[in-house]
Amino acid sequence: MNNSVKSLLAVLFGLLAGALLMALTGHNPVEGYKFLIQGGLKNPERIGNTLATATPLILTGLSVAFAFRTGLFNIGAAGQMLFGGFCATAIGLTVDLPQGLLVPLMILIGFIGGALWAVIPGILKARYNVHEVVSTIMMNWIAYWTVYYVVPAYFKGESLETESRQLPPEAMLHQDWLSDLFQGSYVNLGFFIAVLAVIIIAFIINKTTLGYELKAVGFNRHAAEYAGIAVKRSIVLSMLISGGIAGLAGVAQYTGNASSIQIGILPTQGFDGIAVALLGVNAPLGVFLSALFFGLLYSGRGFMNAMTEIPPEIADSIIAIIIYFAATSILIERLFRKLKTRRAANKKQGD
């Protein structure tokens, strides 16, 4: 069974379980899913909002998937996203440049911020074999408390101490022409950044010597080292690229989907990116499609609740069940293999 079939089965089982939950709570599953889909795709505005919601998920999913493909488990996408978004916001609030120069600078600084936040666990892994799961989780909370202190101290909003000042229009990814195209939605240039990142990462992984070396280290670190690949450098470089992509998610979220950065919140998109990567089988195109699906569920659940009074937590449950089946796909594969073997044995006995 190939990976795409496993992902489709995980989605199918998740949707079936969601339908069962709706039925058990006294609601019509057909109506529930109808309004869930309409909530994300009913008109151009809702389509644009779905794309905007999916944008940071594409980037965090791509970040996690890239690390997975190179044998690393990056749990720090949330912190890298937060710190990258903070760095971009700081530039937007302090640097006075035309939009054509300021926005690219913010994107670059956001990438560098996320990359620097991930390169520390990369160095610890490469030089001292510190497990990246532990170090990236610790870096999440260091980012959380860093932003918690710095924003009120240096970038405090005019009316609220829990968020930064509003970014000026020239420091945002929002574009009037794009919003008008989708009838007033909050879709922004972040979506195009995400699409470009998917294309670039797919090219690096599948078409370059660097991608081959990184994947070789992921498959077998010792064999790669025996073959002459600089394993330690590859680990650091992999974490750097992974963190940079997560930093771009922060740019998309805090300077595109929003106009300020709040304290006291670790972005959930960083953790959702793990689910997106699992469902997308760590392939750039798979991650893109998986993130769009998750974006649809997140965008449509409010409309589903308004039209049918089905709790929006049902959509969260569907996502959780899909993650569960995606993560345990090996068990599903074993079940199918066992059934196939049994069928073949029965057929042989019948002959």
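These numbers come from the heavy atoms of this one structure, side chains and all, not from hydrogens, waters or symmetry mates.
The hydrophobic clustering, which links ILVMFWY residues whose side-chain heavy atoms are closer than 4.5 Å, places I120 and I75 together. When hydrophobic clusters are built by joining Ile, Leu, Val, Met, Phe, Trp and Tyr residues whose side-chain heavy atoms come closer than 4.5 Å, directly or via intermediates, Y226 is not grouped with Y212. In terms of hydrophobic clustering, with Ile, Leu, Val, Met, Phe, Trp and Tyr side chains grouped at heavy-atom distances under 4.5 Å, V11 and L285 are assigned to a common cluster. Hydrophobic clustering, with ILVMFWY side chains joined whenever heavy atoms are under 4.5 angstrom apart, groups L105 together with L101. Note: the hydrophobic cluster containing F86 does not contain M81 (ILVMFWY, side chain heavy atoms under 4.5 Å, direct or indirect links).
The aromatic rings of Y148 and Y144 sit parallel, their planes meeting at an angle under 30°, below the 60° perpendicular limit. Ring planes of F83 and W117: parallel class, angle under 30° (limits at 30 and 60°).
With rounding to the nearest 0.5 Å, the separation of CE in M138 from CG in N140 is 11.0 Å. Note: R46 CZ to F303 CZ = 5.0 Å, rounded to the nearest 0.5 Å. Taken to the nearest 0.5 Å, the CG atom of D176 stands 12.0 Å off from the CG atom of N188. Taken from CE in M22 to CD in E31, the straight-line distance is 11.0 Å, to the nearest 0.5 Å. Taking CD of Q166 as the start and CG of L93 as the end, the distance is 9.5 Å to the nearest 0.5 Å. The NZ atom of K215 sits 11.0 Å away from the OG1 atom of T70 when rounded to the nearest 0.5 Å.
The shortest distance between side-chain heavy atoms of D96 and L102 does not fall below 4.5 Å. L20 has its side chain out of reach of L16: every pair of non-hydrogen atoms, C-beta onward, lies at least 4.5 Å apart. Residues F288 and L292 form a side-chain contact, since some pair of their non-hydrogen atoms from C-beta on lies under 4.5 Å apart. Residues F192 and L178 are in side-chain contact: their nearest non-hydrogen atoms beyond the backbone lie under 4.5 Å apart. By the 4.5 Å heavy-atom criterion applied to side chains, L21 and I318 are not counted as neighbours. Two residues are said to be in side-chain contact when any heavy atoms from C-beta on lie closer than 4.5 Å; L189 and I107 fail this criterion. You'll find the side chain of P267 reaches within 4.5 Å of the side chain of Y254, heavy atoms only. The side-chain heavy atoms of T255 and L167, taken from C-beta on, include a pair separated by under 4.5 Å.
Of the possible donor and acceptor atoms, one in the side chain of S7 sits under 3.5 Å from a partner among the backbone N and O of L279. Side chain of N74 to backbone of S63: no donor-acceptor contact under 3.5 angstrom is found. Looking only at distances, no side-chain donor or acceptor of T60 sits under 3.5 Å from a matching main-chain atom of G270. Put simply, the side chain of T308 never gets that close to the backbone of N305: no donor and acceptor are under 3.5 Å apart. In this structure, the side chain of S234 engages the main chain of A230 through a donor-acceptor pair within 3.5 Å. Side-chain atoms of N49 come within 3.5 Å of backbone atoms of Y186 as a donor-acceptor pair (strictly under, hydrogens ignored). Without hydrogens or angle criteria, S164 side chain to G157 main chain gives no donor-acceptor distance under 3.5 Å. Checking side-chain atoms of Q80 against main-chain N and O of G76 turns up a donor-acceptor pair under 3.5 Å.
One side chain, S299 or T53, offers a donor N or O that lies under 3.5 Å from an acceptor on the other.
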Starting from the C-alpha separation in whole Å, work towards a yes-or-no answer on side chain to side chain contact (heavy atoms under 4.5 Å, CB included) for M239 and T136. CA-CA 10 Å; M239 287 300 294; T136 52; 3.8 Å; yes
Does the side chain to side chain contact (heavy atoms under 4.5 Å, CB included) test come out yes or no for R301 and D316, once each step is laid out? CA-CA 9 Å; R301 62 183 179 176; D316 295 331; 2.4 Å; yes
Evaluate the side chain to side chain contact (heavy atoms under 4.5 Å, CB included) criterion for residues I58 and F191: first the C-alpha distance (whole Å), next the side-chain angles of each, then the deciding distance (0.1 Å), finally the verdict. CA-CA 9 Å; I58 295 170; F191 179 72; 4.2 Å; yes
Passes side chain to side chain contact (heavy atoms under 4.5 Å, CB included), M304 versus H27? Steps please. CA-CA 11 Å; M304 177 184 71; H27 298 95; over 6 Å; no
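Residue Y298 is tested with T268, L57, T50 for a side-chain contact (heavy atoms from CB on, under 4.5 Å); the sole match is L57.
When the shell of 6.0 Å around CD of Q183 is examined, it contains more than 12 heavy atoms from other residues, nucleotides or ligands.
For R69 against I205, the heavy-atom pair with the smallest separation is NH2-CG2, 3.4 Å.
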